[in-house]
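Everything below concerns the one structure shown next.
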Protein chains: 2
Amino acid sequence: MTNDPSRPLTLRDVSEASGVSEMTVSRVLRNRGDVSQATREKVLEAAKALGYVPNKIAGALASQRVNLVAVIIPSLRNMVFPEVMSGISKVLEETELQPVVGVTDYMPEKEERVLYEMLSWRPSGVIIAGLEHTDASRAMLKASGIPVVEVMDTDGKPIDSAVGISHRRAGREMAKAILKQGYQRIGFMGTKMPLDHRARKRFEGFTEALAKEGVEVVDQEFYSGGSALAKGREMTEAMLSRDPELDFLYYSNDMIAAGGMLHLLDKGIDIPGEIGLAGFNGVELLQGLPRQLATMDACRTEIGTRAAQIIAARVENPDIELDKIVELTPTIAFGDTLKRR
Amino acid sequence: MTNDPSRPLTLRDVSEASGVSEMTVSRVLRNRGDVSQATREKVLEAAKALGYVPNKIAGALASQRVNLVAVIIPSLRNMVFPEVMSGISKVLEETELQPVVGVTDYMPEKEERVLYEMLSWRPSGVIIAGLEHTDASRAMLKASGIPVVEVMDTDGKPIDSAVGISHRRAGREMAKAILKQGYQRIGFMGTKMPLDHRARKRFEGFTEALAKEGVEVVDQEFYSGGSALAKGREMTEAMLSRDPELDFLYYSNDMIAAGGMLHLLDKGIDIPGEIGLAGFNGVELLQGLPRQLATMDACRTEIGTRAAQIIAARVENPDIELDKIVELTPTIAFGDTLKRR
DNA sequence: ATGAAAGCGCTAACAC
DNA sequence: GTGTTAGCGCTTTCAT
């Protein structure tokens with residue numbers, strides 16, 4: 001059936017096999033223009049019999065159109081990004097567009113390389129995490145002339161447009177909620193800052209809102225690498241041995257918070273009476289823990305859908321006027337670990 | 001600096017800006033052939049000043065080479081696949097090759113579509129999860145004439161080559177280990193089978209090895225969707241209320257096993273004395289749980305590196321002779337939940 | 001409804 | 001060391 005030729009099949013092969021001109025074959029394969037039912041069937045049959053797969057490279061070059069959307073994210077191991085991805089996919093599946101993922105490992109230079117690689121395939125749009133990029137990256141994005149959506153974060157000035165939440169505000173809101181419940185001696189644990197601008201901004205918003213009420217973070221600790229659950233345990237143990245009088249622990253992500261929770265439960269500490277806890281992200285993954293963790297939903301899927309919608313709309317109509325910044329509002333989930341004491 | 005022209009920049013623009021022929025510009029930009037230091041600098045300067053990004057579409061069409069490797073996986077939300085990905089990336093980063101991810105959501109028809117899309121970009125190789133594909137998918141892969149590595153599973157006949165573990169054997173080994181520790185009344189919980197061939201094979205191997213010793217699974221339950229941790233809890237609770245005399249629970253993945261563990265600890269049940277537990281995958285994520293879960297490492301990163309090495313080697317030299325099947329050996333981690341009682 | 005010609009932006013192959 | 005020529009496999013445009 002599919003004879004295995006050393007030379008890849010071309011339109012011409014289908015044309016010859018079906019006795020129809022290349023041009024008409026092309027029309028059939030793309031459902032374009034008027035083609036008689038008879039020829040259409042002949043062509044389809046021949047293409048299928050040969051096992052012909054069109055060459056998009058040639059097609060893209062000729063048509064000057066590429067139905068790819070570059071999605072550039074820091075990592076696949078942080079569940080946040082796959083969730084954004086699935087929002088993107090859901091929307092793009094209804095269009096001709098296809099997402100292509102590039103991973104930067106939180107490294108600006110790698111982001112630059114990945115971006116260059118992807119742009120050299122002339123995608124129809126770019127969705128890229130964060131607002132912080134090298135000058136070269138920003139220049140490339142501007143020069144590309146295609147729609148660019150920076151996602152996750154709205155604290156800054158987008159190159160083209162942005163969809164996300166304000167992490168500074170998220171930090172502030174959580175601080176206010178914690179203070180409101182009467183907690184006063186607060187410790188913070190998170191990822192090493194320079195790698196993660198959004199965690200840094202949350203922390204800044206957090207301390208800022210505390211300061212406004214005359215409260216300061218009693219102790220803080222940062223980690224990088226390793227199993228987050230285990231790190232959460234370790235850091236929590238270390239911090240509590242340094243500062244036994246802490247009454248609240250704010251973590252920059254849910255995984256380390258969960259580790260901290262498990263440690264506290266091991267020690268028989270009353271949550272949230274003795275110590276309250278909060279994380280960030282609202283990872284569905286963790287439903288099923290002994291206590292429902294207080295956290296803040298980062299609107300991950302919606303960020304993906306909104307970003308993809310912007311790209312789709314602007315591919316459809318490049319002149320369309322859209323909001324430059326879409327700021328979504330994360331909601332606090334109080335769970336069982338942040339309660340009035 | 002980067003004037004934003006409505007027309008994308010081409011080699012010709014760089015050629016004109018630098019006063020060097022297109023061909024030589026092309027050579028400089030690809031570090032090919034001998035170019036004098038002087039012209040090289042002129043060209044690089046002009047390209048940078050203009051913000052030129054080469055058009056890989058045209059390049060690929062002309063050179064008949066595409067440095068892309070299609071990686072086709074069922075999902076990004078299951079941590080297994082990002083880990084395979086990172087093994088792949090690590091190896092490909094040392095080469096000219098670049099991975100491009102496609103996601104199938106465990107749906108054969110979607111796999112077929114994604115494969116068709118990716119093959120139409122004429123990648124240099126394909127890494128695809130599993131050995132089960134539609135006839136059309138197999139035909140496309142065969143006809144593509146490029147190296148294909150099927151990963152994760154070695155229980156079957158690969159199209160071209162395969163790297164993975166034998167899930168049937170993994171199930172058998174776990175069954176033997178459990179029986180050896182004296183457990184006898186065993187329950188099984190896992191994902192709904194038709195979606196996940198590897199989980200099914202593990203289960204088959206498991207029951208087979210039990211049968212050999214005259215033991216049958218007392219009860220079994222399958223789930224789909226939802227938070228795995230929570231599902232693990234629910235299913236475990238339900239199963240124990242049906243069969244209070246169970247002494248071991250085997251789960252098809254670590255997340256539901258962790259949920260089960262948390263439930264048992266809540267109930268004050270002695271692990272592994274009263275009931276033993278085992279999962280599958282060795283997810284690093286879960287280090288830090290109250291008990292170290294018994295599990296089996298699925299060699300995820302190594303699967304990725306080996307697969308990528310095969311692709312790289314065969315792109316380098318298409319005639320190279322390599323093993324058709326690379327079967328890795330998963331190791332059991334006994335943890336704290338599978339112990340001699 | 002179908003076909004013929006031109007060319008997308010680059011690189012292989014060959015001159016010089 | 002550098003330039004010229006001829007395509008790569010499609011689609012656009014225009015003719016029929």
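Lettering of chains follows the sequences in order, A, B, ..., and the numbering in each one begins at 1.
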Qualifying residue for side-chain contact (heavy atoms from CB on, under 4.5 Å) with A:S124, from A:I146, A:L97, A:I311: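 Only one option passes, and that is A:L97.
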Using the rule side-chain contact (heavy atoms from CB on, under 4.5 Å), only one of B:L119, B:D160, B:V126, B:I159 pairs with B:S144; which is it?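 Single side-chain contact (heavy atoms from CB on, under 4.5 Å) partner of B:S144 among B:L119, B:D160, B:V126, B:I159: B:L119.
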If you count every heavy atom of other residues, nucleotides or ligands that lies below 6.0 Å from B:D135 atom CG, does the total exceed 12?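 Open.
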Reading DNA chain C from 5' onward, which residue's closest nucleotide shows up sooner: A:R40 or B:Y52?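 Nearest nucleotide further toward 5': that of A:R40.
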Taking NZ, NE, NH1 and NH2 as the nitrogens, is one of them in [X] or [Y] under 4.0 Å from a carboxylate oxygen of the other?
X      : Y      : result
B:R65  : B:E96  : no
B:E16  : B:R12  : yes
B:D153 : B:R198 : no

Report yes if at least one side-chain N or O of [X] is closer than 4.0 Å to OP1 or OP2 of [N]; otherwise report no.
X     : N      : result
B:R27 : C:dT11 : no
B:T24 : D:dG3  : yes
B:Q64 : C:dC10 : no
B:S21 : D:dT2  : no
A:R12 : D:dG9  : no

Roughly what angle, to 10°, lies between the helix axis at the start of the helix from C:dA1-D:dT16 to C:dC16-D:dG1 and the one at its end, five pairs per end?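 One end axis against the other gives 30°.
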Can you tell which of D:dG3, D:dT13, D:dT2 lies closest to the side chain of B:M23?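 It is D:dG3.
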